[in-house]
Amino acid sequence: MPFHVLLEGMGTGPQIPAHLTRISISLITTSTDLTNKVVKGKVVQKGPLVSLAPDNFILKTVIQEEDSELNASSQNLSINVVLFGELAKNFSQGVNQEDMVVAAGFTMSKSPTVRKDNLHPFNLLLSGDDACIYVFRPKPPPDDRSLLANRRSSTLSAEVSRKTKVPKYTYVRLGDLTAGSVVNVYGVVVFFKQPFKSRGTDSCSILKITDQSNQNITCSIFCEKLEDHPKIFQIGDIVRMHRVKAQFFKDSISLVNTFGFSVVTFDGTVGGAMEPRTSSRSFHFNQEDRQTVEELRSWASSQALFPTVSAAIHLSAVQPKSYFDLNCQLLAKAPIDSTCILLRVWDGTRCPHTLLKVNVEPNVTEGPSSFSKEKENIIANVFVYDNHLDCARKLKLGSFLRIYNLRANPGHSNVPGLTSSHSVDHLAFHLHGGTSYGRGIQVLPEDSLDVQELKRVLEAFPHDDMNEPFDLNDSALLEVWSTPPELLERGDSPDMPLMTLSELKQCELSRVHHVRAQLRSYEPRRLHQALKLYCSKCTSMQEIPDEELVAGIFSEASSDYEPCNAPPWALLSAFLTDSPVSPDRALTLLLPRQLMSDVKTKGLIFLMGTTLEETYRLAASYQNIVPVRSSGREITLLDLSAPFLFRGRKRHYGCKQCSETVLRDPSAEGVKVIDEKVVAEVLGVQLLQCVLLMKLELQDATDTLEVFLWTHAESFFGVSAEDAAANQEAQNSIRQTMESLCPPGGSMDQHPWLDLFLTAYQTKDDVGQNQTCYQICQTTLIKPPPQNRTPTPPEPPPPPSPGSEITSAG
DNA sequence: GGTTAGGGTTTG
């Protein structure tokens, strides 16, 4: 196991092996011997778990060394740690910000982000069997074993807890309940019902719990608000309830909540994360509680209390006539009649039985009224009846659900809304009325394991029109990129009529259309991934080369030095560096004679023998730097994966395919101003243009639509791609724009409505099939939308108003 | 300061 939790001050449990010795993070250099070394630090930043492929993850975190006696200096105490695979997953689940961790079995790499984040110049990499993380859990303070825990962080300082009056809770075993007493209990859930409306004022949850005393106790929980009910997702979950009253009913003891009731739920998996599920703003949770949960987990796992196979299955395993639970994503919904609503869901797997097709009027469907043929084949139609309608109506499109006790019904049944006859083995799914067998629907939290698994499977499905914004499909973008730009003509007039997204999809191509829509999601979420290099000659698009790759080209070129001759038009000036890394390296300046007079402000130098880092630093002092290398006594440009020109903070790249480089005098032929175009032309470089490329998902009342933002991206944002590549302010401006159009974590109500012009055009996919693509054009952000505005969606869309926040530049 | 429900498949 590469992941251990250590309890501070506890003599039992996993320990850090004695042969490992700790070194200070500040002492890590390339020459450090890492054998049997560990580092220790506090988690000061914890990145998200990123899925690279099914069962392959990556996670980045920053740890900071705190104890000063070990630090050789106060420099470089914070370091990026990159975790891979299972370890990344365990870390994501088991470690919180502020936790103290020890890392062992790591390797090092140069940090490509050192200039940006100012952290340690190296990264620690943790992958493979040798990699290991130990997490320290603080021991409770001796004078008060109770800690006040906040929802997100598991501990608070002892000082705070001393100031706060903390009640001490005692818990009664389920075998020791006496009628009439108000108690606190722990239990493992062996049965539960979703909250349903009672005849009184509240909703009612029914659960049955058990513990080591082997009593099964039925609990009735009445709460007005749904969020105050126990958040139970599956049998085996562990609940802790405060202030429940024991009473006799039908010869046995049962529990009912009483005044001051609160409940916290934990996952029941042995070794699972201790993430509490509760609506309480603060609750008490100490070491004893942790231990109680662990004990219940391990006791339950030894008891065969419930079926070993979960009731939740994938669509691919559904048997006709069976009842099952389904984890799925909601794609669309439509009311059928006063007792029934249709939910269209998928889990990314294909049911072996043909699924029933349902025809519903497009204008009553919420979400897309149809999907690609391939996607339609794996979408399940779920009919939801009676008491579940309330819940179904509130569900948001795109949310992840668990539907309990779904029935797979073969055949036709006289379902309203069906327009044609269906053969008997077509499966439809019914969530029948009533609450028997826990029937109901629950929205799964985004961070749950079930949702993580669903997302992995759904990401693997070929990208269609409604995937979540995780699956940046670069090859799809590339295809579009290769579309000749002349297909994208300008529109005729800015006051053309508005149309809905679903009308747009029926329209002829190569015209400009005017729509009003909200931005539902966009890709890529990281701005640097939206920056690409475009060759106007061969119309290819490429990624901006990786920092480490470029550094490698520089270091290879400088280590490969051989004496060479200066061309007649230049002066060669070589000297030895005093760099501590490689003190005897020759650093060579090649100065074009005609540009020497004012080389710093308007001139150009050729530079040989520098590292990438040194080139950056020199670029601050020289207007134009062209890195060169020696090659068989000749001087040549570097490989074109590296920038061929540094101009201040900007770097310029050339197209490998279209360039025929040659070293020539840039000052020839009376050139007055030296810029990247002049230099590229003289050196035979086909200049690559820095561009922005994003994929946006628009939504209106009728449909959703994916559109690209590229040739008009710069005018849309009012920021040049080149600036976005070179300076932080430009990047911030784009980020703020996107966040105002698509507020992170906000509901769709908070997304402003946008007036946009779109062009439609065709391109070919992998197999030569025509596909229609859309692109935003002629649209400019005219003022930054204020935060937290909640415009009402127009339905049908009204004509464009001068007050709209985004409008056409016309 | 406390009614509601008190598990055990719709009938589409």
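The figures that follow rest on heavy atoms only: side chains count, while hydrogens, waters and symmetry mates do not. Residue numbers begin at 1 in each chain, while the letters A, B, ... track the order of the sequences. What you see is a predicted model, and the numbers here were worked out from it, not measured in a lab.
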**Request:** Examine the side chains of A:Asp347 and A:Thr349 and answer whether a donor and an acceptor come within less than 3.5 Å of each other.
**Result:** yes
**Message:** On the nucleotide B:dG6, are OP1 or OP2 found under 4.0 Å from the side-chain N or O atoms that A:Lys193 carries?
**Reply:** yes
**Prompt:** Under 3.5 Å, is there an N or O donor on one side and an acceptor on the other linking the side chain of A:Arg199 and the base of B:dT3?
**Reply:** no
**Asked** Can you find a donor-acceptor pair, distance only, under 3.5 Å between A:Asn409 side chain and B:dG12 base?
**Response** no
**Message:** According to ring pair (Phe, Tyr, Trp, His ring centres under 6.0 Å), does anything in residues 222-246 of chain A pair up with another residue at least two apart or in another chain? List the pairs.
**Reply:** A:Tyr169-A:His242, A:Tyr171-A:His242
**All side-chain contact (heavy atoms from CB on, under 4.5 Å) counterparts of A:Glu224, not counting sequence neighbours** = A:Asp202
**Message:** Taking A:Arg290 first and then A:Glu295, would you say they form a salt bridge - that is, a charged N and a carboxylate O separated by under 4.0 Å?
**Reply:** no
**Asked** Expressed in angstrom and rounded to an integer, what is the separation of A:Phe196 atom CZ from B:dT3 atom C1'?
**Response** 13 Å
**Request:** Quick one: label A:Ser203 by what it contacts on the DNA or RNA (base, sugar-phosphate, nothing), any heavy atom closer than 4.0 Å.
**Result:** nothing
**Asked** How long is the line joining NZ of A:Lys245 and C1' of B:dT3, in whole Å?
**Response** 12 Å
**Message:** Does A:Lys197 reach a base, just sugar-phosphate, or nothing at all? Heavy atoms under 4.0 Å.
**Reply:** nothing
**Item:** Interface with DNA chain B, restricted to residues 248-267 of chain A and to heavy atoms under 4.0 Å
**Value:** A:Phe249, A:Ser254, A:Val256, A:Phe259
**Prompt:** To the nearest Å, how far apart are A:Asn387 CG and B:dT9 P?
**Reply:** 15 Å
**Prompt:** Atom CG of A:Leu389 and atom C1' of B:dT10: how far apart are they, to the nearest Å?
**Reply:** 14 Å
**Request:** Take atom CG of A:Asn405 and atom P of B:dT9, then tell me their distance rounded to the nearest Å.
**Result:** 10 Å
**Prompt:** Could you state the NE2-P distance from A:His432 to B:dT11, rounded to the nearest angstrom?
**Reply:** 8 Å
**Request:** For B:dT10 versus B:dG6, give the span between their P atoms, rounded off to a whole number of Å.
**Result:** 14 Å
**Message:** Going by the glycosidic torsion and a 90 degree boundary from 0, is the base of B:dG7 oriented syn or anti?
**Reply:** anti
**Item:** Check ion pair A:Glu366-A:Arg344 (N to O, under 4.0 angstrom)
**Value:** no
**Rounded interatomic separation in angstrom, taking NE2 from A:His388 and P from B:dT10** = 10 Å
**Item:** Residue pairs fulfilling side chain to side chain donor-acceptor pair (under 3.5 Å) with at least one residue in residues 185-194 of chain A, sequence neighbours excluded
**Value:** A:Tyr186-A:Asp289, A:Lys193-A:Thr435, A:Gln194-A:Gln442
**Message:** So, using side chain to side chain donor-acceptor pair (under 3.5 Å) as the criterion, who are the partners of A:Ser213 when residues are at least two apart?
**Reply:** A:Asp211
**Asked** Are the ring of A:Tyr323 and the six-membered base ring of B:dT9 within the stacking cut-offs of under 5.5 Å and under 30°?
**Response** yes
**Message:** Tell me which residues in residues 434-442 of chain A lie within less than 4.0 Å of DNA chain B, going by non-hydrogen atoms.
**Reply:** A:Ser436, A:Tyr437, A:Arg439
**Message:** Please confirm whether the ring centroid of A:Trp346 lies under 6.0 Å from the ring centroid of A:Phe371.
**Reply:** no
**Item:** Value in whole Å for how far the P atom of B:dT4 lies from NZ of A:Lys225
**Value:** 23 Å
**Request:** Please tell me which of the listed nucleotides, B:dG6, B:dG7, B:dT4, lies nearest to the side chain of A:Ser220?
**Result:** B:dG6
**Per A:Gln247 side chain, nearest of listed nucleotides B:dT3, B:dG12, B:dG6** = B:dG6
**Message:** Is the distance between the ring centroids of A:Tyr437 and A:Phe191 under 6.0 Å?
**Reply:** no
**Request:** Would you check if there is a donor-acceptor pair between the side chains of A:Ser279 and A:Asp228 at a distance under 3.5 Å?
**Result:** yes
**Request:** May I ask you to say what A:Glu224 touches in the nucleic acid, namely base, sugar-phosphate or nothing, with a heavy-atom cut-off under 4.0 Å?
**Result:** nothing
